[in-house]
Novice: 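Dropping a structure here in structure tokens format, bear with me for questions.
Numbers restart at 1 for each chain; the letters A, B, ... are given by sequence-line order, proteins then strands. Atoms considered below: every heavy atom in the structure, side chains included; atoms not considered: hydrogens, waters and symmetry mates.
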Protein chains: 2
Amino acid sequence: MRARDGDDSASVSGSALGYALLSLLTRGPATGYQLTQRMKSPIGHFWTAKHSQIYPELARLAAATWVELAEGAGPGPRAKKTYTLTPAGLAALGEWLVRPPVVAPRSETVLKAYAANSADPVAMADLYARIAARQRDLLDEWEQEAAMLRGTGHDRPDHPGFGNYAVLLMGIESARATGAWAQWLATCLRTGRAAAFGDPIPSGT
Amino acid sequence: MRARDGDDSASVSGSALGYALLSLLTRGPATGYQLTQRMKSPIGHFWTAKHSQIYPELARLAAATWVELAEGAGPGPRAKKTYTLTPAGLAALGEWLVRPPVVAPRSETVLKAYAANSADPVAMADLYARIAARQRDLLDEWEQEAAMLRGTGHDRPDHPGFGNYAVLLMGIESARATGAWAQWLATCLRTGRAAAFGDPIPSGT
DNA sequence: GCCCACATGTAATCAGTTACATGATTCT
DNA sequence: AGAATCATGTAACTGATTACATGTGGGC
């Protein structure tokens, strides 16, 4: 975020985190703490932030008049601050959304696969078998969640929860793809031979 | 990288970037410049680094004796340095590889979808239609590349290029998943109604 | 003469994590 | 009595990008 107080005009620009917080606030006003929780699911599988990063960013968003805050009595020594998205914040979000994404994806899981034959094949096969199992679990969980959301109309683009549904669908596709790939890789490494993609999970894991 | 000169023993630990460079060096000795190029494909779609990050990291790897360097005359004012992976470096890489990945994935593309109904639906549909088209192009390109690699035995885990092949396969799965999802999202936003996943690309884009 | 590829570095800044710090309320 | 949840912040550090800085050799 380059937005500072006094700089209320034209070229105000934000960081991806700032816009992520604005997106969370479209779901309704929240405290920094609540935003930290709200970020966990479902978007947390594709974007994360700790509270130590969120609190200063909220202060910057407030300085840019993209959010408003109401102070109240908090449980601890400091006041509890509830943030609300402003029309200016919503407009800034709308402008950012239609610009092409720029953050390059990073996957340590794929990076490790790139050096697959520099490690013990058994340990490596084990690692990717566990990753595949985890992705299958997530896939099951998310498919149930998505089915429930479909039942309540979240699959319509005018539904306020459509964004959540869209993220969940990408989670499903991502888990399916990663799971199948990790399983293929585990099979290759365990058998020491080329394997076909999409084979059923061999017994004896 | 916490590895410093003199600290050659037990608890030497590295950053993901350090291990990425070691992985690149398993393909053969290289200069920092060549590593910058080598990182572009195919692993560049899942892990990136600029030369300004690579050069200092190579110095740290050399201090940790994980790589060796040979100096020669360079084109510019400074000496050209060719780095080679040492047995200690290979061992360190092997230990890191079998540890579970920790870096959380980040996708600005999915983050934007999370706020899909806070922007102009037409512009948003356009954005995701372009993303889908791009993923289809990548899919075509990578499938041809993968077919070529299969023909030359890269799909066997003992082939030195197996890591490249594995990354390429994940690229394919990722492009397929992201492409189908982006197309679904574009269709939803354009029609303003719920769409089924995996539908054929509607005409008139 | 100009642009491109080769080649290596540093400085400033931004983004993100880890650790430190405080304190009320509710549940076990 | 101790742990978990709610709630907000800062400091130190690591990771990554952008910009600055230098210079050769080859092709057009």
Side-chain angles (χ1 to χ4, degrees), chain A residues 1-4 13-21 29-40 44 46-63 67 69-83 101-108 111, chain B residues 1-4 12-21 29-40 44 46-64 67 69-83 101-108 111:
Chain A
M1 265 281 288
R2 221 140 293 117
R4 290 289 182 280
S13 79
S15 64
L17 174 63
Y19 293 113
L21 296 177
T31 66
Y33 184 85
Q34 288 174 320
L35 289 172
T36 311
Q37 309 306 115
R38 207 178 274 181
M39 188 167 263
K40 281 178 186 159
F46 296 99
W47 203 274
T48 54
K50 316 272 175 176
H51 78 273
S52 56
Q53 200 186 359
I54 290 173
Y55 286 115
E57 186 64 34
L58 282 170
R60 269 170 247 146
L61 293 175
V67 297
L69 63 139
E71 293 193 36
R78 273 174 287 255
K80 169 173 149 176
K81 293 170 185 171
T82 303
Y83 293 89
V102 288
V103 175
R106 265 165 207 280
S107 168
E108 207 179 327
L111 179 56
Chain B
M1 263 283 287
R2 220 140 292 118
R4 291 289 183 281
V12 183
S13 78
S15 64
L17 174 63
Y19 293 114
L21 295 176
T31 66
Y33 184 87
Q34 287 175 321
L35 289 173
T36 309
Q37 309 305 115
R38 205 177 276 182
M39 187 166 264
K40 281 178 188 162
F46 296 99
W47 203 272
T48 53
K50 316 271 176 177
H51 78 274
S52 55
Q53 200 185 0
I54 289 172
Y55 286 115
E57 186 64 34
L58 282 170
R60 269 169 247 145
L61 292 175
V67 298
L69 63 140
E71 294 193 34
R78 275 174 286 258
K80 169 173 149 175
K81 293 169 186 172
T82 302
Y83 293 89
V102 286
V103 176
R106 260 165 211 281
S107 166
E108 207 178 328
L111 178 57

Novice: Any idea which of D/dA7, D/dT17, C/dT17 is nearest the B/Thr48 side chain?
Specialist: D/dT17
Novice: Roughly how many Å is it from CD1 in A/Ile54 to P in D/dT8, rounded to a whole number?
Specialist: 11 Å
Novice: Using a cut-off of strictly less than 4.0 Å, decide whether B/Tyr33 has a side-chain nitrogen or oxygen near OP1 or OP2 of C/dT8.
Specialist: no
Novice: Can you measure from OG1 (A/Thr48) to NZ (A/Lys40) and round to the nearest 0.5 angstrom?
Specialist: 11.5 Å
Novice: Please confirm whether the shortest side-chain N or O distance from A/Gln34 to OP1 or OP2 of D/dC6 is below 4.0 Å.
Specialist: no
Novice: Considering only side-chain heavy atoms of A/His51, which listed nucleotide, C/dG16, C/dA7, D/dG9, is closest?
Specialist: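 Output: D/dG9.
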Novice: Mind calculating the distance between CH2 (A/Trp47) and P (C/dA15) to the nearest angstrom?
Specialist: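 One finds 10 Å between P of C/dA15 and CH2 of A/Trp47, rounded.
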Novice: What is the distance, rounded to the nearest whole Å, between atom CZ of B/Arg60 and atom C1' of C/dT10?
Specialist: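 Interatomic distance, CZ of B/Arg60 to C1' of C/dT10: 13 Å.
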Novice: Whole Å only: how far is the CG atom of A/Leu58 from the P atom of D/dA7?
Specialist: 14 Å
Novice: For DNA chain C, whose closest nucleotide is more 5', that of A/Pro77 or that of B/Arg78?
Specialist: B/Arg78
Novice: Could you check which of C/dT22, D/dA16, C/dT10 has an atom nearest any side-chain atom of B/Ser52?
Specialist: C/dT10
Novice: With rounding to the nearest 0.5 Å, note down the distance linking CD in A/Gln53 to CG in A/Leu21.
Specialist: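 A/Gln53 CD to A/Leu21 CG: 8.5 Å, rounded to 0.5 Å.
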Novice: How many angstroms lie between atom CG of B/Leu17 and atom CG of B/Leu61, to the nearest 0.5 angstrom?
Specialist: 8.0 Å
Novice: Within less than 4.0 Å of OP1 or OP2 of C/dT17, is there a side-chain N or O belonging to A/Gln53?
Specialist: yes
Novice: If only side-chain N and O atoms of A/Lys50 are considered, is one of them under 4.0 Å from the OP1 or OP2 phosphate oxygen of C/dA19?
Specialist: no
Novice: Looking for any heavy atom pair under 4.0 Å, which part of the strands does B/Gly32 touch: base, sugar-phosphate only, or nothing?
Specialist: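 Sugar-phosphate, no base atom in range.
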Novice: Expressed in angstrom and rounded to an integer, what is the separation of A/Tyr55 atom OH from D/dG9 atom P?
Specialist: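 It is 7 Å, rounded to the nearest whole Å.
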Novice: Given D/dC6, D/dG15, C/dG16, which nucleotide is nearest the side-chain atoms of A/Pro75?
Specialist: D/dC6
Novice: Select base, sugar-phosphate, or nothing to describe what B/Ala16 touches, counting heavy atoms under 4.0 Å on all strands.
Specialist: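 Nothing, no nucleic acid heavy atom in range.
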Novice: Any side-chain N or O of B/Arg106 below 4.0 angstrom from OP1/OP2 of C/dG16?
Specialist: yes
Novice: Here's a test of your reading of the structure: between A/Pro56 and A/Lys80, which maps to the more 5' nucleotide of DNA chain D?
Specialist: A/Lys80
Novice: How long is the line joining OH of A/Tyr83 and C1' of D/dA7, in whole Å?
Specialist: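 Interatomic distance, OH of A/Tyr83 to C1' of D/dA7: 11 Å.
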Novice: Distance check, rounded to the nearest 0.5 Å: A/His51 atom NE2 versus A/Leu35 atom CG?
Specialist: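 Reported to 0.5 Å precision, the distance equals 13.0 Å.
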